[in-house]
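Here's the structure we're looking at; comments come further down.
Just follow the structure's listing: the first ligand is 1, and inside any ligand the first atom is 1.
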Amino acid sequence: MSIVSNSLKRIKPSPTMAVTSKAREMRAAGKDVIGLGAGEPDFDTPNNIKHAAIKAIKKGDTKYTAVDGTPALKKAVQKKFKRENNLNYDLSEISVGTGGKQVLYNAFMATINRGDEVIIPAPYWVSYPDIILLAGGKPKIVKCDERDHFKLTPGKLKKAISKKTKWIILNSPSNPTGTAYTKAEIVALAKILSKHKKIYILSDDIYEHITYDNFKFFTIAQIKNLKDRTLTMNGVSKSYSMTGWRIGYAAGPKEIIKAMAKIQSQSTSNPTSISQAAAVEALNGTQKFIKPRANSFKKRRDFVVDSLNDINGISCLRPEGAFYVFPNCKKLLGNKTKIKTDKDFVEKLLEKSQVAVVQGSAFGLNGYFRISYATSIENLKKAMSRIKKFCENLN
Ligand code: PLP
């Protein structure tokens, strides 16, 4: 009998990590691998934020803090929601954790009973289904179509709701597709959710600040009659290039926030005191680098989308945000190319052309692959020319 618990057997290791570790192995063996798998900005953390952390160390802010966030950070989060989303929260409606991932984990662990269903539109961020499974819930995967820009439609939402639905997860802009919901699209989904008063909504807004072409970000808690059953998750990882600092937060119903703190108190306790001080500066300090960084991502997005659409057999939408694209490679799969699945496609691409991307099936939708363009334009140029050559040799 295995020592490993039954609940752990329900989940699988992160498929994005698998590609990254294969690419690392190849690099160690001297191969010139271009990694387009990473889910983090390539920019450094801004200096004002680093200085705030150094100041915190020197001041002796190096001890335990309140379990789910210092009052200073909760106040900064409260101000952020007011300033950027016109949402008012009491401090007791705010929770801070070790990254958005822990916040999500706490929320689902704290609320899911065995058999509860969670609607997850696919393609989805890889961790959602596994966190739900670990919590004893049932992911209800709803496949979204490319012609709907991979977004959940009201019709599909209606069909997916059952008596057992406890939560629905919305992620905009999305990992892995980069597409984002407009206000009108969110209002249309909200109309249906308004009628189902027992369903809670998890809005994952972690890519809020990475949008292009004057896209107007809108989050579902801004719809008045849904705010009291929406938990809005966000964090400093992507907006402020702080993935390693591990600070995420959420705002929502007091009862959930309190239950989340209880879980955190028996697992990690508070997020790192120094990272919390840095996050206060991220949220309260200058926001002036956000726009130029988004502009730089936009240039890369345009380059990558144009290059991909220039390849025979590949087509790619131009998404509104995040730093991912999700090209369609279905025309290159089949007997002619001897590549059957998107997983085979990305494995061959890595082996033959040394470009690391992640197969769409890892995100719940076959026939696609995800490219993260959070790397230099030089790297992207090299990668795009390798992908083109690889695909031409298949045709
Ligand atoms: N949500 C989405 C959609 C993500 O892509 C990520 C990170 O990749 C997270 C949440 C969690 O980010 P973190 O734990 O770094 O705050």
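Listed by number with element, the atoms of ligand 1 under 4.0 Å from a non-hydrogen atom of Arg246 are 13 (P), 14 (O), 15 (O). In summary, the atoms of ligand 1 found under 4.0 Å from a heavy atom of Gly100, numbered by their order in the structure, are 13 (P), 14 (O), 16 (O). Near Asn171, meaning under 4.0 Å from any of its heavy atoms, are these atoms of ligand 1: 3 (C). Close contacts between ligand 1 and Ser237 involve ligand atoms 13 (P), 15 (O), 16 (O) [criterion: under 4.0 Å to a heavy atom]. For ligand 1, the atoms closer than 4.0 angstrom to any heavy atom of Gly99 are 14 (O), 16 (O). In summary, the atoms of ligand 1 found under 4.0 Å from a heavy atom of Lys101, numbered by their order in the structure, are 11 (C), 14 (O).
Of the protein's non-hydrogen atoms, the one nearest atom 11 (C) of ligand 1 is Trp125 CH2, 3.7 Å. For atom 12 (O) of ligand 1, the nearest non-hydrogen atom of the protein is Ile206 CD1, 3.8 Å. When hydrogens are left out, the protein atom nearest atom 3 (C) of ligand 1 is Asp204 OD2, 3.3 Å; that is the closest non-hydrogen contact.
Remark: Lys298 engages Asp213 in a salt bridge, criterion side-chain N to carboxylate O under 4.0 Å. Contact check on Arg300 versus Asp42 returns a salt bridge, with a Lys/Arg side-chain nitrogen under 4.0 Å from an Asp/Glu carboxylate oxygen.
A donor-acceptor pair under 3.5 Å links the side-chain atoms of Lys197 to the main chain of Ser194, judged by distance alone.
In this structure, Lys227 satisfies the cation-pi test against Tyr89, with its NZ or CZ atom closer than 6.0 Å to the six-membered ring centre and inside 45 degrees of the ring normal.
With rounding to the nearest 0.5 Å, the separation of OG1 in Thr230 from CG in Leu87 is 9.5 Å.
Only the side chain of Lys238 comes within 4.0 Å of ligand 1, counting heavy atoms alone; its backbone N, CA, C and O stay farther away. Counting heavy atoms under 4.0 Å from ligand 1, residue Gln102 does not touch it at all.
Between Phe150 and Pro319, the closest side-chain pair of non-hydrogen atoms is not below 4.5 Å. At a threshold of 4.5 Å between non-hydrogen side-chain atoms, the residues Ser95 and Met260 count as touching.
Ligand 1 has no nitrogen or oxygen under 3.5 angstrom from a nitrogen or oxygen of Thr243.
Between the side chains of Asn295 and Tyr212, no donor-acceptor pair of N or O atoms lies under 3.5 Å.
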